[in-house]
Number of protein chains: 2
Amino acid sequence: MAVTPPARLLPRKRPHQKRAAVTVDAIFEATVQVLLTQGLDQLTTTRVAARAGVSVGTLYQYFPNKQSLLYALNEHYLDVVAVKVETCCARMQGACLADMVEELVGVYWQAKMERADLTRALYRSVAELDNDALIEVFARRTNAATEAMLRTASDARHSDTTLVTTTLLAVIFGTVRNVFERDLPAPLQNKLRGELAKMCLSYLKAT
Amino acid sequence: MAVTPPARLLPRKRPHQKRAAVTVDAIFEATVQVLLTQGLDQLTTTRVAARAGVSVGTLYQYFPNKQSLLYALNEHYLDVVAVKVETCCARMQGACLADMVEELVGVYWQAKMERADLTRALYRSVAELDNDALIEVFARRTNAATEAMLRTASDARHSDTTLVTTTLLAVIFGTVRNVFERDLPAPLQNKLRGELAKMCLSYLKAT
DNA sequence: CCCAGACGTGAACAATGCTTCATATATTAT
DNA sequence: ATAATATATGAAGCATTGTTCACGTCTGGG
């Protein structure tokens, strides 16, 4: 249950002046660019720094090592997704199960798909990381939001909402990742999204 | 729809004499050992060769580069799992949906769990590979077997068995992977396996 | 028994990349 | 204006590792 990220992956210091903030932003953006155009194995600190228009030394002033860069990137994008899920769940409180599921799947799917290439790159990059803390935090947040939503469902109540929630999210998150791994044609992807929602709904109704 | 693996990932030559076969086996086994004890980032050709008790040169006689080693490993273990799924599907032809799902989920889950640490290591290692061909072949095989099984179900028939099959497998494979990614306590893992089967069944019944 | 080809060796090479540090410049506070 | 602090630089150090190759050793068929 460790939620504390390893110290070696944390940023070295925060920017205090304006230009430093600009620099850090540029480094982030450059990391994404290099990841997308050159790929994970071509992602080197020197290349990122070059792309960001700063020197390597500058990069190392804010990130203690290469991995901490990827860590921060993943942290950021997981946070974006978590916020979307939380917002969605809050909005759908009191709705019926069908609407809840449709929205939940839709929001998560969309969040991943709208930047598909980046999503894929990040999925790959986490493999090189000690990502337990990231996953843990993301799971906690989405679980809490979803469980709270499900408890307000207008058309059903479950005996073990916690288990149902965990299952639901494991299935949704896992399936989406699986779809990303195989490079399926877009029409089939859309059908799968619908089928996934159907499956989740029939589970929620049946339990 | 490329099923041909990149040439640079294929073995350089096959062993012709007995001692060569022994050597190749030792290299495979050593790769697994290094992967488990040292981790993916510590997996170097020199280390693998040392662990296998051969020289690096020998390793390079059979594998053109480091990645081809991991490729061959993944290919092998995916084949093992595919065979298990195929056998299971063949065995369950004519059964009812509930039994089919229970077995399918059970066999796949078990196949991955019985060497959990290796599974985790391999999940990580594929991220560094051009694994399209691997995934594709595995998907084809399991899809064919599952679809053939579903068509013989004693208690239901689906209008679009192909789509149902693809959905089913995407969900099962994805969920299992998701469970691996988070390091959930064993009791919860078992509950999830049950819930996953329930979900799949209710989907198959409802469609 | 003999030798062509299969197999095995491991030092050395080449390339690359992470990270540091001494130095220089910019900003802010007083 | 001046000191103190924050930020930026990038060449060089250090370590690592993937890969080759010229040279020995072994095996099995004829």
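In what follows, chains are A, B, ... by sequence order, proteins preceding strands, each numbered from 1.
- For the pair B/Gln42 and B/Arg12, nearest-nucleotide mapping onto DNA chain D gives the more 5' position to B/Gln42.
- Defined by atom type and a distance below 3.5 Å, a donor-acceptor pair is missing between the side-chain atoms of B/Glu181 and B/Tyr123.
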Under-3.5 Å N/O pairs linking protein and nucleotides 9-11 of chain D:
unit_1: D/dT9; atom_1: OP2; unit_2: A/Ser55; atom_2: N; d: 2.9
unit_1: D/dT9; atom_1: OP2; unit_2: A/Thr58; atom_2: OG1; d: 3.1
unit_1: D/dG10; atom_1: N7; unit_2: A/Ser55; atom_2: OG; d: 3.3
unit_1: D/dG10; atom_1: N7; unit_2: A/Gly57; atom_2: N; d: 3.4

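- Taken from NE2 in A/His158 to CZ in A/Arg151, the straight-line distance is 11.0 Å, to the nearest 0.5 Å.
- Neither OP1 nor OP2 of D/dT7 sits under 4.0 Å from any side-chain N or O of A/Thr23.
- Which of D/dG18, D/dT27, C/dT28 sits closest to the side chain of A/Gln17 comes down to C/dT28.
- Residues from residues 62-71 of chain A that place a heavy atom under 4.0 Å from any atom of DNA chain C, listed by number: A/Asn65, A/Lys66.
- Between A/Arg120 and A/Asp183, at least one side-chain N (NZ, or NE/NH1/NH2) sits under 4.0 Å from a carboxylate O, which counts as a salt bridge.
- At the phosphate of C/dC18, OP1 or OP2 sits under 4.0 Å from a side-chain N or O atom of A/Thr45.
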Going through the distances and angles, do B/Tyr77 and B/Phe138 end up as a ring pair (Phe, Tyr, Trp, His ring centres under 6.0 Å)? CA-CA 11 Å; B/Tyr77 278 99; B/Phe138 181 76; over 10 Å; no
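- Between A/Leu192 and the options A/Thr175, A/Asn178, A/Leu184, A/Val176, a side-chain contact (heavy atoms from CB on, under 4.5 Å) holds for only A/Leu184.
- Residue B/Tyr60 places its side chain closer to D/dT20 than to any other of C/dC18, D/dT20, D/dA8.
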